Amino acid sequence: MAGINFDEMPVMSSSMVYTGSGMKEVKQYINVGSTVSGLVTFQLTIDGKNSGEAIFKSVLGITATALLSATTAGDTPRCTPRALSADRKVLTVQSSQGGAAVTIAGLAAVGVDKWVPDGTKVYVTVYGE
């Protein structure tokens, strides 16, 4: 079975799920993007362009994961949705990782997060109606 090449196009599908009050169609958008200054922007439209028709009438959930090798637990990348436009067409995800610990007045302090390196791949899945 051939793998999906996310660099060519996003994957969109829909399925029926039981919501407790009946069956409902839930759409799924899956894509990957590369970070610039810790940010990745995804166009949640049918044609992948900002001017296109929005895929979702409402967003039910967003999952984002960065692919980055880490040498310590503190270096493990973290992703979070930063912004979703009111028209549900543009999703911005930010990704950071732990930085070096800082010593202040002889006491070790927690390191300050830094943005992941540019070009880090971020995989996103969006669920909605």
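For clarity, every value in this text was computed on a predicted model and none was experimentally measured. Along the sequence shown, residues carry numbers from 1.
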Which pair of non-hydrogen atoms, one from Trp115 and one from Ser96, has the smallest distance, and what is that distance?
-> CE3-CB, 4.0 Å
Output the distance between atom CZ (Arg88) and atom CD1 (Ile55), rounded to the nearest 0.5 Å.
-> 11.5 Å
Non-neighbouring partners of Ser85 that pass side-chain hydrogen bond (donor to acceptor under 3.5 Å, both in side chains), sequence neighbours left out | Asp87
The reported gap from CG in Leu67 to OG in Ser34 (rounded to nearest 0.5 angstrom) is 10.0 Å
Nearest heavy-atom pair of Thr45 and Asn50: which atoms, and what distance?
-> CG2-O, 4.5 Å
Correct closest heavy-atom pair for Val32 and Phe42 would be C-CE2, 3.7 Å
Hey, any chance Leu84 and Val124 share a hydrophobic cluster, counting ILVMFWY side chains that come within less than 4.5 Å of each other, even indirectly?
-> yes
Nearest 0.5 Å please: distance from the CG atom of Asp113 over to the CD atom of Gln97.
-> 8.5 Å
same_hphob_cluster(Ile46, Leu44) at 4.5 Å side-chain heavy-atom cutoff | yes
Side-chain hydrophobic cluster, 4.5 Å single linkage: members besides Leu68 = Val116
Within a reach of under 6.0 Å around CZ of Arg82, are more than 12 heavy atoms found that belong to other residues, nucleotides or ligands?
-> no
Residues passing the side-chain hydrogen bond (donor to acceptor under 3.5 Å, both in side chains) test with Ser37, sequence neighbours excluded, are none
Between Tyr127 and the options Ile62, Val59, Val26, the side-chain contact (heavy atoms from CB on, under 4.5 Å) test singles out Val26
Can you see which heavy atom on Cys79 is nearest to which on Ala66, and at what distance?
-> SG-N, 3.4 Å
Could you pull out all residues at least two apart from Thr41 that satisfy side chain to side chain contact (heavy atoms under 4.5 Å, CB included)?
-> Gln43, Val90, Thr92
Val40 backbone acceptor or donor facing Thr35 side chain under 3.5 Å = no
Considering residues at least two apart in sequence or located in another chain, which fulfil the side-chain hydrogen bond (donor to acceptor under 3.5 Å, both in side chains) criterion with Ser58?
-> Glu129
With sequence neighbours left out, what residues match Ala54 under side chain to side chain contact (heavy atoms under 4.5 Å, CB included)?
-> Lys89
Using the test side chain to side chain contact (heavy atoms under 4.5 Å, CB included), find all partners of Lys49 that sit at least two apart in sequence or belong to another chain.
-> Asp47, Ser51
Test Thr125 against every option in Thr65, Ile30, Asn31 by the side-chain contact (heavy atoms from CB on, under 4.5 Å) rule and name the one that passes.
-> Ile30
Determine, step by step, whether Leu39 and Val93 satisfy the side chain to side chain contact (heavy atoms under 4.5 Å, CB included) criterion, reporting the C-alpha distance in whole Å, the side-chain angles of both residues, the deciding distance to 0.1 Å, and the verdict.
-> CA-CA 6 Å; Leu39 299 176; Val93 174; over 6 Å; no
Gap separating the CD atom of Gln28 from the OG1 atom of Thr63, nearest 0.5 angstrom = 9.5 Å
Residue list, side-chain hydrogen bond (donor to acceptor under 3.5 Å, both in side chains) with Thr120, at least two apart or on another chain = none
